[in-house]
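Accompanying notes for the structure given below.
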Number of protein chains: 2
Amino acid sequence: MTAPEKGARFVSSADVARLAGVSRSAVSRAFTPGGCVSPPTRARILAAAEKLGYRVNRLARILHQDRSDLVGVVGANFANPYISAQFDALSAELHRRNLQCLLLNTAGMAESSELVRLLDYRVRTVVLLSGAAPDRLMRLCAANGARMVLINRPAPPKGALADLILADSAAGGRLAAGRLAAAGCRHVAVVVSGSRTSAKRVRARAFCDEMTARGIPVTRWEKGPNSYQTGIDAARALLAGPGIDGIFGVTDEIALGVLNTARFELGLAVPGELSVIGFDDAPISDWSSHRLTTIRQSLPALTRATMEAIERPADAPPNRSDIPVELVERSSVAPARYKRRTDRT
Amino acid sequence: MTAPEKGARFVSSADVARLAGVSRSAVSRAFTPGGCVSPPTRARILAAAEKLGYRVNRLARILHQDRSDLVGVVGANFANPYISAQFDALSAELHRRNLQCLLLNTAGMAESSELVRLLDYRVRTVVLLSGAAPDRLMRLCAANGARMVLINRPAPPKGALADLILADSAAGGRLAAGRLAAAGCRHVAVVVSGSRTSAKRVRARAFCDEMTARGIPVTRWEKGPNSYQTGIDAARALLAGPGIDGIFGVTDEIALGVLNTARFELGLAVPGELSVIGFDDAPISDWSSHRLTTIRQSLPALTRATMEAIERPADAPPNRSDIPVELVERSSVAPARYKRRTDRT
DNA sequence: TTGTATGCGTTATCAC
DNA sequence: GTGATAACGCATACAA
């Protein structure tokens, strides 16, 4: 092992070759799975590499082979209970397949157009966990032959080279509406995060439509981001006076803000006086402190579909996979008064 | 904009040069902050680049300049409420400083030695959020002149080239002990995650020592990982019979598992019959559904120290920064019976 | 089996 | 201001 040196550059195959008394190609071959090297030299090379602390420079390899194992993952709000679980599963799975995760947290960017920076690192695929796909990014990916995977994002304008992973937001919204209706709610509200374009709006829209079809009035709250605080704010405003007896939070985090504020700040009995339903089925929603009834988008299914999309060959046609959604009964919604209608999907 | 082509490689500066009728060097200069290009040609180049969807290949730039803006971040358990918040803040801050985050989730690796793979991408710095630093990684970083930043990790054996960020775990453990003692607890327990080596053990150790010094017996529970489920298991076992009236979870997630199990499964009044205290001050600990009394390691302070370490020049001497810790009073611990002793630190 | 030569996309140096 | 050229570290086709 060499002593640490100041400003030292990374040790290269040339260094190893020198020490082992071979050529650089020999070193390269020794580190290439199918490389032809005689056992003795191979051993010498490996020993030298170990001694020097050599690691193959994959940047150079990518450059040469024009084939990258870097996957760009862009997201925001990684502290969100569902997103963090989703990201944890995805990143673990990426490494299991020997892919590297180059992460971009859009919260750190001034403009959303900044995220094309991922392409500067020759990622083979860009995965979008949240936020809308900027046109610019889509164009650049197309021009450079990089694939895109959009998770719960609206479909891109053209038939762009993007794989779509979509939980059935509309069905989820209807499920939520049906459940609150079955609980006997007479006047409900939906709390949407203010993000301009996303699956969350579809959830809310479907909820409203279904409620309208059932003749139940619905109030819409649409201020603030996808956060716990938004749930708090919404609950305070919506529950100031009597009237509303059911609330759908388009996200578990929002719904939990509503739930906790109703229970502990406003002193409302949930589900006695108010029913609350969420969307996601984040791990903490099942905690006994919450027991939030919610619409589940299965995390394993979502992760599986994402990995399939990522591993699709570069020239595969765009694909779309739908993740089914299901109602998870817990105890934040009043028991159904009548036998629940079959969902109309 | 070119049409998307199958198997297309990324567009290069040569492509742009060809279209703009200039040399590759001109293109390079047009994209270099201080580059000398006449306004007209510059405009032509930029137009050509935009048309083709060109982006500078930073892999090649790193290769040539021997200076990387890649920061390797290794961690696990990103669904943990504190870790996810920490990671969210860190990744956002990285991008704000124009650094890229190459993430490694050790949950996806067979062996911990696998994480040296980060060095294959010529990261300038490796940040360790969890897990121990394998010797191999430390050696390779040293040999290649890459810096390491260890967050709440035990100090490396030698005076290796690693920056240390350490919350005062010992003081935190003592604080927790003091608070439970003040609550009048007579027999307490500590729930440690089974990880072999980490700050969590120091927290538990200091807690035990302080309790012993006060003559209060402490039971130690040490099975399972750092998870909510571990808190559940511990609570079920520890609270099966009467006796224990105070529990310290070395992590908020663990403590919340204890708290919820005690309250909702075992029907214990918290803090009436049992006091529970955690460590971290994760965002959800402040939720009204929990109101967990805990030891805070300030996230902003932690992030600030981490960024300072990351931005230190490559040849700076190893540094150590200590993050103070403080007791956050909420309502999972019985009120202090006597005026609380000043902590002995 | 092994070494030589070439090219990947960039930037820096050097002429012009 | 501009273009040719070398070099970064690697993998490969080819020659030995």
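Order of the sequence lines fixes the chain letters, A, B, ..., with proteins taken first and strands second; residue numbering starts at 1 for each chain.
Counting only residues at least two apart or on different chains, the salt bridge (charged side-chain N to carboxylate O under 4.0 Å, His left out) pairs with a member in residues 119-133 of chain A are A:D120-B:R55.
Using the six-membered ring where Trp is involved, B:F87 and A:F87 have ring planes that are parallel, under 30° apart on the 30 and 60° scheme.
For the residue pair B:L52 and B:V11, the shortest heavy atom distance occurs at O-CG1, 3.5 Å. For B:A48 against B:A20, the heavy-atom pair with the smallest separation is CB-CB, 3.9 Å.
Between B:R18 atom CZ and D:dA4 atom P the separation is 13 Å, expressed in whole Å. Rounded to an integer number of Å, the gap from CG of A:D120 to P of C:dG9 is 15 Å. If you measure from atom CG of A:N144 to atom P of C:dC8, you get 17 Å, rounded to the nearest angstrom.
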message: Strictly under 4.0 angstrom, non-hydrogen atoms only: write out the protein contact profile of nucleotides 9-16 of chain D, one letter per nucleotide from the 5' end, B, S or -.
response: BBBBB---
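Side-chain contact check for B:D69 and A:Y121: at least one donor-acceptor pair (N or O, by modelled atom type) lies under 3.5 Å.
Between B:R304 and B:E308 there is no salt bridge, since no side-chain nitrogen of the basic residue lies less than 4.0 Å from a carboxylate oxygen of the acidic one.
Within the structure, every side-chain polar atom (N or O) of B:S38 is placed at least 4.0 Å from both OP1 and OP2 of D:dG1.
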